[in-house]
Number of protein chains: 2
Amino acid sequence: MAPERPLPPMLERMWGRERAPRRGPRPRLDLATITAAAIEIADAEGLAGVSMGGVASRVGVAATALYRYVGSKEDLLTSMADAVALDPPEPGGMPWRDYAALWTRAQRDLVLAHPWVLEVTKYAPPLGPRRLLWLDRLLAALAGTGLDDGEKINVASTLTGYALTDAALAHAAGMGFEEHAGAGLEGAADYGELLAEVLDPERYPALSAAVHGGVFRGAEGWADDADFRFGLDLMLDGVEQLIARRTSKGRFGG
Amino acid sequence: MAPERPLPPMLERMWGRERAPRRGPRPRLDLATITAAAIEIADAEGLAGVSMGGVASRVGVAATALYRYVGSKEDLLTSMADAVALDPPEPGGMPWRDYAALWTRAQRDLVLAHPWVLEVTKYAPPLGPRRLLWLDRLLAALAGTGLDDGEKINVASTLTGYALTDAALAHAAGMGFEEHAGAGLEGAADYGELLAEVLDPERYPALSAAVHGGVFRGAEGWADDADFRFGLDLMLDGVEQLIARRTSKGRFGG
DNA sequence: ACCTGAACACCGTTCAAGT
DNA sequence: ACCTGAACACCGTTCAAGT
């Protein structure tokens, strides 16, 4: 009803709703510029390389000037996580299952291209313009399925979670276990070898058997693209079954 | 073959394999004590409250003494993430689906009890004794299903990812959007209200419709226990279908 | 061999002062 | 109104010195 409710300042800026300032010098920056600079640093040096001072000097300003545009470093990270998302693929007339697969894969690829997203994502519900656009498009693709809105939202968050988890695994596997989560694994050989070294077969019978059977000795490693499709199909099968249940009960119109 | 390969020092300590020191004063601490102190702080004040100095003073030692037991703060966080896991439920003779549901729910509850786990989990493959025990028990529960080891591992990581994602969502919903990811949402009312305020129905048609339809006006909120079961069943249905496929092809023995 | 204390380099954030 | 520069409180980590 009330159309002009005051939003939190950070949201105002993320949605480009800053009220034009009356007098004084014009601002030299905006949130988008600052965010883009921070993303460049994170892509090049990882999230640890992102400091307020570093971002500031990249946009040619004193560190403290950033606080005109950003409430805190946390704010900046939130903005980065939204801005790094490209536009979602368009559903067109695609069958829901094809689109959902495409949509999930695109999210996975995004994270693989910007691994620092894994450290930034606090799993907070999306509030930025790009992330919400992604959500909108999946809802649209599920329009003809007979699922209700709540179920659609649940499907979306389940798929997003899967994309994140799988990307994290693939990322970890690609690191060769040298730089692992700070666990001090410099030069450690292979995941499977480490497990074989460390596991007591009496206390870890099933896992030991799997390790000695060679589960972790795959060609490309154990988190390759086939693994991604495996889990994805598994979930989409579940969704499909749910849709079939809904449809057979005759809930078509709404 | 070579039984005494030198593991990274942090792993040695996590697995209690520290070689007994020859001479000099006996150590006053060990990794478990330090880790427990850090966990207590994180539970009470959040992860931001965990500093090397704080942990040190809690165990009665100078900050710099911790570096006898821990290579870095990252090491300590890794140890915390493993140590916080309780023992997994025992499969007994339970049907695989019941156990998988129990196992996933227990992981979700663990994260809800220690929300800082979400910030610490870099999604690195597990290497600690507790996390690997969890993995072992799920593999054991899936023993009779005809899935191969790789598939079982994939099921495990998919379910773990779901537990994390869902816990994060439930945690976020429980926060009432006051302290959200630093997005500056102090005093912001309701998630649905915020979306209604911010979304342009032309650019976000499907999502706008859902919002105005009241998806985010659930009784308990939109990330309650029913939602958890919804997604879980969805995935277990997928697993069940896969198992059915495997079984019907006659791959029983191995 | 373990622990301390001083020291280093760095960080996010504040605030008063300039324009 | 925007930006600067000095300053503050706090970090993780090192290193030489004690016992």
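Each chain gets a letter, A, B and so on, in the order its sequence line appears, and its residues count up from 1.
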- Item | Donor-acceptor pair present, T64(A) side chain and dG5(D) base, under 3.5 Å |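 Answer yes: a donor N or O sits under 3.5 Å from an acceptor.
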- Among dC3(C), dT13(D), dC3(D), which nucleotide sits nearest the side chain of Y69(A)?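 Minimum distance to the Y69(A) side chain belongs to dC3(D).
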- Message: Less than 6.0 angstrom separating the ring centers of W103(A) and Y162(A), yes or no?
- Response: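 Not close enough - the centres of the two rings lie 6.0 Å or further apart.
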- Query: Is there a donor-acceptor contact under 3.5 Å from the side chain of T165(B) to the main chain of G161(B)?
  - Reply: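 Yes: the side chain of T165(B) pairs with the backbone of G161(B).
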Starting at [atom1] of [X] and ending at [atom2] of [N], how long is that distance when rounded to a whole Å?
X	N	atom1	atom2	value
E74(B)	dC11(D)	CD	P	17 Å
I34(A)	dC2(D)	CD1	C1'	12 Å
K73(A)	dC10(C)	NZ	C1'	11 Å
Y67(A)	dG12(C)	OH	P	6 Å
L66(A)	dG5(D)	CG	P	14 Å
R28(A)	dT19(C)	CZ	P	14 Å
L47(B)	dG12(D)	CG	C1'	15 Å
M52(A)	dT4(D)	CE	C1'	15 Å

- Query: Within the structure shown, what part of the strands sits under 4.0 Å from A65(A) by heavy-atom distance: base, sugar-phosphate, or nothing?
  - Reply: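 Here A65(A) touches the bases of the nucleic acid.
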- Relative to the 5' end of DNA chain C, which residue comes earlier, S51(A) or R68(A), by the nucleotide with the nearest heavy atom?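 Its nearest nucleotide lies further toward 5', so the answer is S51(A).
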- With both distances under 3.5 angstrom, what nucleotide forms a Watson-Crick or G-U wobble pair with dT13(D)?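 For dT13(D), the partner nucleotide comes out as dA7(C), under the 3.5 Å rule.
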- Mate of dC2(C) where both pairing distances stay under 3.5 Å, Watson-Crick or G-U: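 For dC2(C), the partner nucleotide comes out as dG18(D), under the 3.5 Å rule.
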- F228(B) six-ring centre to R108(B) NZ/CZ under 6.0 Å and within 45° of normal: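 Because its charged atom sits under 6.0 Å from the ring centre and within 45° of the axis, R108(B) does stack over F228(B).
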- Establish, for the pair R13(B) and Y69(B), whether the NZ or CZ atom is under 6.0 angstrom from the six-membered ring centre and no further than 45 degrees off its axis.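 Pair R13(B)/Y69(B) does not count as cation-pi.
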- Find the distance between OG1 (T160(A)) and CG (L138(A)) and round it off to the nearest 0.5 Å.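 T160(A) OG1 to L138(A) CG: 8.0 Å, rounded to 0.5 Å.
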